[in-house]
Amino acid sequence: MPVQTAQNEMRLEILSRPENVGLVRVAVAAFASQLEFTLGEIEEIKVAVSEAVSNSILHAYDGPGRIGVTGRIDGQALEITVEDWGKGIPDVEEARQPAFSTDPERMGLGFVFMESFMDDLEVTSQPGKGTVVHMRKVCRAPAVQ
Amino acid sequence: MPVQTAQNEMRLEILSRPENVGLVRVAVAAFASQLEFTLGEIEEIKVAVSEAVSNSILHAYDGPGRIGVTGRIDGQALEITVEDWGKGIPDVEEARQPAFSTDPERMGLGFVFMESFMDDLEVTSQPGKGTVVHMRKVCRAPAVQ
Amino acid sequence: MLVQEVFSAGHVILRLEGELDLGTAETFRRAAEEALERHGSYRLVLNLAGVSFIDSSGLGAILGRYRRIAQRQGRMALVAPPENVRAMLELSGVFKVIPIYDSEQKALAG
Amino acid sequence: MLVQEVFSAGHVILRLEGELDLGTAETFRRAAEEALERHGSYRLVLNLAGVSFIDSSGLGAILGRYRRIAQRQGRMALVAPPENVRAMLELSGVFKVIPIYDSEQKALAG
Ligand SMILES: Nc1ncnc2c1ncn2[C@@H]1O[C@H](COP(=O)(O)OP(=O)(O)O)[C@@H](O)[C@H]1O
Ligand SMILES: Nc1ncnc2c1ncn2[C@@H]1O[C@H](COP(=O)(O)OP(=O)(O)O)[C@@H](O)[C@H]1O
């Protein structure tokens with residue numbers, strides 16, 4: 001039985017390089033494990049984080065840039081924010097459509113996966129300023145005593 | 001063969017709570033894996049990081065506090081800095097002695113492990129201001145092509 | 001991401017091990033292109049049994065190989081994805097395009 | 001950290017699984033104290049086969065149990081530490097104080 005966690009927080013900053021996706025994923029998964037998520041739910045959280053961070057790495061910057069990832073546990077809820085200070089998304093609604101991608105090599109499923117694997121997804125973006133992706137997932141597993 | 005990494009950086013901030021040691025360890029291990037360290041060396045890095053972070057959690061603050069962890073890869077060298085803004089260590093030389101501990105329940109081996117598992121260890125501390133532990137380990141594995 | 005290569009019955013067999021994401025997709029892409037070219041074959045069997053994680057970048061890398069192979073009238077098959085990887089192949093629709101078998105033998109027999 | 005408990009031949013056997021560090025030492029400490037008290041026995045066999053990581057906090061927690069048990073003229077044994085854990089038991093000197101066996105059977109036989 002994990003330690004009862006009323007409230008916890010973490011903040012991670014990485015450079016926008018493909019080889020850094022994995023470390024964000026394991027850090028957030030370890031953080032999320034402080035709630036009693038099932039293994040399947042942890043897997044879903046890993047995919048969602050991977051998609052958000054991969055988007056910032058791929059789409060936000062032409063050159064090098066920074067990406068910030070914040071995790072928060074509040075009661076039984078896990079909140080994850082991924083932000084960059086890059087190009088931004090001109091039309092967020094369009095970007096969130098399945099199969100929409102500005103890169104012909106990609107599937108356009110990033111936002112779809114984030115949305116289906118988390119309970120809430122909020123995307124705020126300002127062209128030229130950057131993008132903030134906020135996700136939330138509630139842990140519903142009954143606490144086995 | 002990992003991607004050739006000339007230079008990389010990560011920064012992680014956590015709250016000084018025991019349940020957060022594990023997530024720092026996995027994040028730094030994933031980061032270190034970008035160099036071609038052996039599994040045994042990764043294990044050593046995990047212990048060293050665990051000791052430094054555990055020290056800040058245990059000894060730096062009476063109440064809640066923050067801990068910062070920075071990772072840097074520069075050529076074949078991994079550098080890790082763990083810092084807190086807590087009590088500080090009055091006599092660093094004494095604190096680094098084997099078996100020295102201000103807590104009777106502990107072994108006083110934290111600094112000993114950091115020193116024996118890393119190539120370099122620098123400890124800077126200012127009473128009332130905080131502590132900075134800087135560690136360095138060079139990856140010597142021949143790059144197998 | 002480790003890639004092991006075997007050539008059998010006119011097919012390039014690649015056995016992947018590790019996480020297939022944005023950080024490793026390029027390693028896989030290069031290994032696949034290079035092996036297909038070297039063997040002058042456009043038949044690829046991708047053994048996914050050792051893949052512990054996949055996301056849309058990984059799925060895209062697999063689909064990208066399929067597209068190149070299809071252009072050249074080749075053939076591609078996936079083998080033994082673990083439960084979590086199989087779920088992603090289904091959600092993304094990749095499993096409708098590329099057939100999945102539970103062993104390399106069956107994939108070669110086609 | 002998962003702790004499985006078995007009572008056999010007058011000994012409490014605890015099988016640990018996971019990482020033994022500052023974050024999990026307290027779970028282990030409580031499980032051990034509680035089991036010894038419940039069984040009114042001060043003989044503890046600690047199976048470490050499932051321990052994937054240990055640092056000085058984990059070693060300290062093990063040594064802490066040993067001290068309490070020694071105070072009460074009990075006995076404690078460690079079983080089957082994986083290679084990395086064994087190295088830490090040696091470096092810290094814990095293996096000089098608490099005997100290590102490669103099976104629970106041998107630890108019970110003493
Ligand atoms: N952080 C970001 N910065 C700039 N553009 C982004 C960002 N995230 C997503 N986008 C845009 O939204 C589109 C859709 O994203 P997504 O659904 O993840 O698909 P994909 O990444 O496969 O293209 C991307 O193609 C890109 O144009
Ligand atoms: N970050 C820190 N802040 C304040 N004091 C510290 C810090 N790190 C270490 N110390 C002091 O140094 C002593 C020795 O540390 P260490 O060798 O890691 O052993 P242990 O943690 O087992 O006591 C500690 O007992 C503590 O008094």
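Proteins come first, then strands; the chains are lettered A, B, ... in the order of their sequence lines, and each starts at number 1. We use all heavy atoms of the structure for the numbers below, so side chains are in, but hydrogens, waters and symmetry mates are not.
- A distance of 5.5 Å separates CG in C:L22 from CD1 in A:I57, rounded to the nearest 0.5 Å.
- More than 12 non-hydrogen atoms from other residues, nucleotides or ligands lie less than 6.0 angstrom from CD of C:E33.
- Considering CD of A:E19 and CD of C:E26, their distance stands at 12.0 Å, rounded to 0.5 Å.
- Every residue was checked against the salt bridge (charged side-chain N to carboxylate O under 4.0 Å, His left out) condition with C:R86, not counting sequence neighbours, and none meets it.
- With contacts defined as side-chain heavy-atom distances shorter than 4.5 Å, the pair C:D21/A:R25 qualifies.
- Within residues 35-57 of chain C, the residues having any heavy atom under 4.5 Å from a heavy atom of chain A are, by residue number, C:S52, C:F53, C:I54, C:D55, C:S56, C:S57.
- The environment of A:R11 atom CZ is dense: over 12 non-hydrogen atoms of other residues, nucleotides or ligands sit within 6.0 angstrom.
- Most heavy-atom pairs under 4.5 Å with chain A, from the set C:N84, C:L63, C:L91, C:V94: that is C:N84.
- In this structure, C:E83 CD and A:L39 CG are separated by 12.5 Å, a value rounded to the nearest 0.5 Å.
- Enclosure of atom CD in C:Q105 is not indicated, since only 12 or fewer non-hydrogen atoms of other residues, nucleotides or ligands lie within 6.0 angstrom.
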